[in-house]
Amino acid sequence: MDFKQIISHCKEYGFVYQSSEIYDGLSAVYDYGPNGVNLKNNLKQYWWRSMVQMHDNIVGLDSAIFMHPKIWKASGHVDAFNDPLVDNKDSKKRYRADQLIEGYTDKIEAKIKKDVEKARKKFDDFDEKMFRETNGRIVERQKKIDDVLGRMNSMLAAEDMEGLKNLIEELEIACPESGSRNWTDVRQFNLMFNTQLGNIAGEDGKLYLRPETAQGIFVNFLNVSKTSRQKVPFGIAQIGKAFRNEIVARQFIFRMREFEQMEMQFFVRPGTEMEWYEAWREKRMKWHEAIGSPAEKLRFHNHENLAHYANAASDIEFEFPFGFKELEGIHSRTDFDLGAHQELSGKKLQYFDPELDKNYVPYVVETSIGADRMFLAQVSHCLREEEVPDADGKATNRTVMKFHPAIAPIKCAVLPLLKNNESLVKASKDICDKLRLAVDIQYDEKDAIGRRYRRQDAIGTPFCVTVDHQSLEDNTVTLRDRDSLEQTRISIDEINSQVLAKTSMEDLLLSTK
Ligand code: ATP
């Protein structure tokens with residue numbers, strides 16, 4: 001499905017709404033509707049349980065959004081959490097210089113892809129890797145991409161704003177809105193939102209809305225290690241809101257100004273960080289595959305230009321409808337954060353390693369994923385149009401969300417065959433009363449049964465229980481499977497255990513081990 005259809009499906013079926021819509025919306029801020037909040041909670045549960053519940057050596061934390069402003073000084077965010085900003089003087093639109101340049105290389109990449117697809121259709125035993133390496137036109141184009149991105153990354157690392165402006169001019173990049181190349185100079189723009197404490201005037205009372213949850217973990221390192229009796233290596237996991245004043249906020253919930261992160265900081269003995277970095281890369285990829293994201297839609301992207309605090313970093317990228325983009329970051333952050341907080345706070349943030357009989361500042365391997373991006377990845381992958389046989393065996397189209405049953409917003413719908421039949425309605429409601437103790441359910445009696453099935457397909461409900469006349473005689477119902485469309489008759493007494501078994505997170509958690 002194309003991106004527009006995905007966005008409108010999300011709205012129509014109560015997954016995601018634009019924030020403040022009746023006031024024409026607030027850009028890059030979104031609200032989650034009744035189905036959206038369930039789906040998001042389930043994804044957060046999947047992450048939390050695979051981290052905290054499945055590991056003896058990972059514990060949870062819920063730190064406050066507001067923190068002492070010095071934290072953001074020590075972390076480097078006050079001085080360096082910037083994006084390069086450029087305005088088009090004609091359209092007055094704002095852009096991120098690096099995204100304009102990436103937009104340029106994306107177009108070349110699209111041309112390469114087109115050539116590859118053409119060739120794939122032409123040759124039976126098509127070898128994509130060889131074709132990319134030997135086709136003259138593709139080699140030229142790839143060289144151009146690598147050259148442009150290489151130069152851009154060096155400029156970003158060196159904070160060379162003039163270089164970025166020159167590169168935009170050299171590539172003759174025009175404003176997508178006005179078509180003009182009338183650009184301002186490129187300048188740094190800090191992404192942190194700030195606010196003011198009521199009782200302290202001036203700079204001292206300036207607070208920031210956290211741009212990441214990780215710092216709340218670092219500044220609690222001592223508290224947690226002392227009170228949880230964890231020994232290095234151990235991790236602290238946190239899910240919470242983060243805020244970034246993104247310059248260009250496009251692409252729906254992919255890039256928001258208020259979003260939610262799921263971060264785990266894993267504290268290790270210095271010198272062992274590369275082993276842990278590799279281990280966490282592998283584990284995190286498994287987590288994505290277990291939930292049903294296909295291997296071909298996932299890939300690693302290794303950072304060539306490392307941030308000042310990292311000695312290794314990679315992203316897990318997902319193929320969103322607008323291409324492969326970062327879904328999760330896995331970073332080896334050395335002792336940068338704990339070291340910086342130790343220095344600025346004057347408090348020792350060290351760990352006594354009984355085996356080595358010495359104190360050290362632990363190194364950190366971080367895994368950091370946006371809950372909203374994970375939501376978008378799942379929705380865009382699972383939403384499908386497909387042809388299925390209707391009740392008479394004729395082909396018909398349906399819209400279905402093929403979520404893994406454990407994360408589906410509603411696990412089971414309960415449907416009386418007829419809404420005007422008191423006995424059927426009563427039996428259905430009795431089933432609901434029991435089933436709702438186990439899972440999220442929906443009762444639906446409106447419209448013909450086929451239409452009700454379609455409504456449940458459209459929100460990804462994996463099972464529907466239908467109560468018909470036979471139910472009243474022999475205490476059985478039909479259990480319809482969203483994917484196979486099979487309907488099996490089961491006893492009413494078995495509904496809870498069957499639905500629970502088929503929708504539980506157990507298998508998922510096992511496969512992430
Ligand atoms: P990007 O390069 O896309 O701006 P980033 O490298 O700045 O992302 P990190 O600082 O590594 O992102 O944050 C970790 C994760 O948080 C990202 O992988 C992403 O899933 C999520 N995230 C970051 N910024 C946003 C945002 N504005 N909206 C939604 N999710 C975000």
Side-chain angles (χ1 to χ4, degrees), residues 2-7 18 24-29 81-118 132 135-191 244-257 301 303-305 315 317 319-326 373 376 380:
D2 73 30
F3 195 32
K4 271 200 183 133
Q5 287 172 300
I6 294 169
I7 296 172
Q18 170 85 63
D24 296 332
L26 183 63
S27 128
V29 186
F81 195 52
N82 303 318
D83 274 341
L85 172 79
V86 62
D87 292 296
N88 182 270
K89 290 185 197 159
D90 299 319
S91 66
K92 308 271 183 271
K93 287 270 168 204
R94 274 209 150 163
Y95 297 93
R96 251 173 73 176
D98 55 333
Q99 287 179 350
L100 277 180
I101 297 165
E102 276 169 3
Y104 175 88
T105 56
D106 280 352
K107 278 189 197 145
I108 307 180
E109 177 73 45
K111 284 185 190 154
I112 295 180
K113 245 187 154 170
K114 221 168 150 189
D115 281 351
V116 168
E117 288 320 311
K118 249 198 220 155
R132 278 178 180 264
N135 180 288
R137 202 158 64 169
I138 291 188
V139 171
E140 258 324 288
R141 284 179 169 155
Q142 191 60 49
K143 225 167 98 193
K144 178 83 185 170
I145 294 178
D146 296 344
D147 170 59
V148 169
L149 292 182
R151 283 163 65 197
M152 178 188 84
N153 282 329
S154 317
M155 288 165 188
L156 287 171
E159 298 195 32
D160 177 5
M161 298 297 116
E162 205 182 322
L164 288 172
K165 164 98 186 266
N166 293 340
L167 188 56
I168 290 173
E169 281 175 348
E170 177 193 319
L171 301 175
E172 301 186 345
I173 297 174
C175 167
E177 197 90 1
S178 66
S180 96
R181 292 190 226 131
N182 195 6
W183 298 108
T184 62
D185 285 343
V186 180
R187 59 202 183 280
Q188 293 284 29
F189 177 79
N190 193 288
L191 298 186
R244 296 184 187 178
N245 200 355
E246 300 280 359
I247 297 171
V248 184
R250 274 187 268 116
Q251 296 166 324
F252 194 39
I253 56 172
F254 180 82
R255 188 172 300 286
M256 302 153 94
R257 297 205 163 98
H301 166 78
H303 291 202
E304 273 148 34
N305 288 300
D315 298 332
E317 294 187 337
E319 190 174 19
F320 289 97
F322 37 84
F324 272 99
K325 296 277 172 213
E326 172 177 345
R373 279 194 196 173
L376 182 59
S380 55

Which heavy atom of [X] sits nearest to which heavy atom of [Y], and what is that distance?
X: Ile138; Y: Ile112; value: CG2-CG2, 3.8 Å
X: Phe320; Y: Glu326; value: CE1-O, 4.2 Å
X: Leu164; Y: Ile101; value: CD2-CD1, 4.0 Å
X: Pro84; Y: Gln188; value: N-OE1, 3.9 Å
X: Leu167; Y: Met155; value: CD2-SD, 4.2 Å
X: Ser178; Y: Asn88; value: OG-OD1, 3.0 Å

Worksheet item: Could you give all pairs that pass the side-chain hydrogen bond (donor to acceptor under 3.5 Å, both in side chains) test and reach residues 97-109, with sequence neighbours left out?
Response: Arg96-Asp98

Would you check if the side chain of [X] reaches a backbone N or O of [Y] as a donor-acceptor pair within less than 3.5 Å?
X: Arg94; Y: Val248; value: no
X: Glu117; Y: Lys114; value: no
X: Arg373; Y: Phe254; value: yes
X: Gln18; Y: Leu26; value: yes

Worksheet entry | From CA spacing to verdict: side chain to side chain contact (heavy atoms under 4.5 Å, CB included), Leu376, Gln251 | CA-CA 10 Å; Leu376 182 59; Gln251 296 166 324; over 6 Å; no

Distance from [X] atom [atom1] to [Y] atom [atom2], nearest 0.5 Å?
X: Asn190; Y: Asn82; atom1: CG; atom2: CG; answer: 5.0 Å
X: Arg255; Y: Arg244; atom1: CZ; atom2: CZ; answer: 8.5 Å
X: Leu100; Y: Ile173; atom1: CG; atom2: CD1; answer: 6.0 Å
X: Asp2; Y: Ile7; atom1: CG; atom2: CD1; answer: 9.0 Å

Discussion item. Is the shortest side-chain heavy-atom distance between Glu319 and Ser380 below 4.5 Å?
Written reply: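 In short, these two side chains do not touch, never coming nearer than 4.5 Å.
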
Practice prompt. Evaluate the side-chain proximity of Arg181 to Glu169: yes if any heavy-atom separation is below 4.5 Å, no if none is.
Written response: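 Not touching, per the 4.5 Å side-chain cut-off.
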
Worksheet item: Taking only residues two or more places apart in sequence or in another chain, which ones pass side chain to side chain donor-acceptor pair (under 3.5 Å) with Lys165?
Response: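 Side chain to side chain donor-acceptor pair (under 3.5 Å) check on Lys165 returns Asp185.
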
Worksheet item: Who are the side chain to side chain donor-acceptor pair (under 3.5 Å) partners of His303, not counting sequence neighbours?
Response: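 Partners of His303 under the side chain to side chain donor-acceptor pair (under 3.5 Å) test: Asp315.
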
Please tabulate, for side-chain N and O atoms in residues 143-153, each donor-acceptor pair with protein atoms closer than 3.5 Å (sequence neighbours left out).
unit_1 : atom_1 : unit_2 : atom_2 : d
Asp146 : OD1    : Gln142 : NE2    : 3.1
Arg151 : NH1    : Glu170 : OE2    : 3.2
Arg151 : NH2    : Glu170 : OE1    : 2.7
Arg151 : NH2    : Glu170 : OE2    : 3.4
Asn153 : ND2    : Leu149 : O      : 3.2

Response to the item:
Sorted by chain and residue number, the salt bridge (Lys or Arg N to Asp or Glu O under 4.0 Å) partners of Arg187 (sequence neighbours excluded) come out as Asp87

Item to complete: Could you name each residue pair satisfying ring pair (Phe, Tyr, Trp, His ring centres under 6.0 Å) that touches residues 161-184, not counting sequence neighbours?
Response: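 Every ring pair (Phe, Tyr, Trp, His ring centres under 6.0 Å) pair that includes a residue of residues 161-184, provided the two are not neighbours, is Tyr95-Trp183.
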
Worksheet item: Would Met161 and Val86 satisfy side chain to side chain contact (heavy atoms under 4.5 Å, CB included), going step by step from the backbone distance to the final call?
Response: CA-CA 10 Å; Met161 298 297 116; Val86 62; over 6 Å; no

Practice prompt. Indicate whether the side chain of Ser180 and that of Asp90 have a donor and an acceptor atom separated by less than 3.5 Å.
Written response: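 Side chains of Ser180 and Asp90: pair found under 3.5 Å.
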
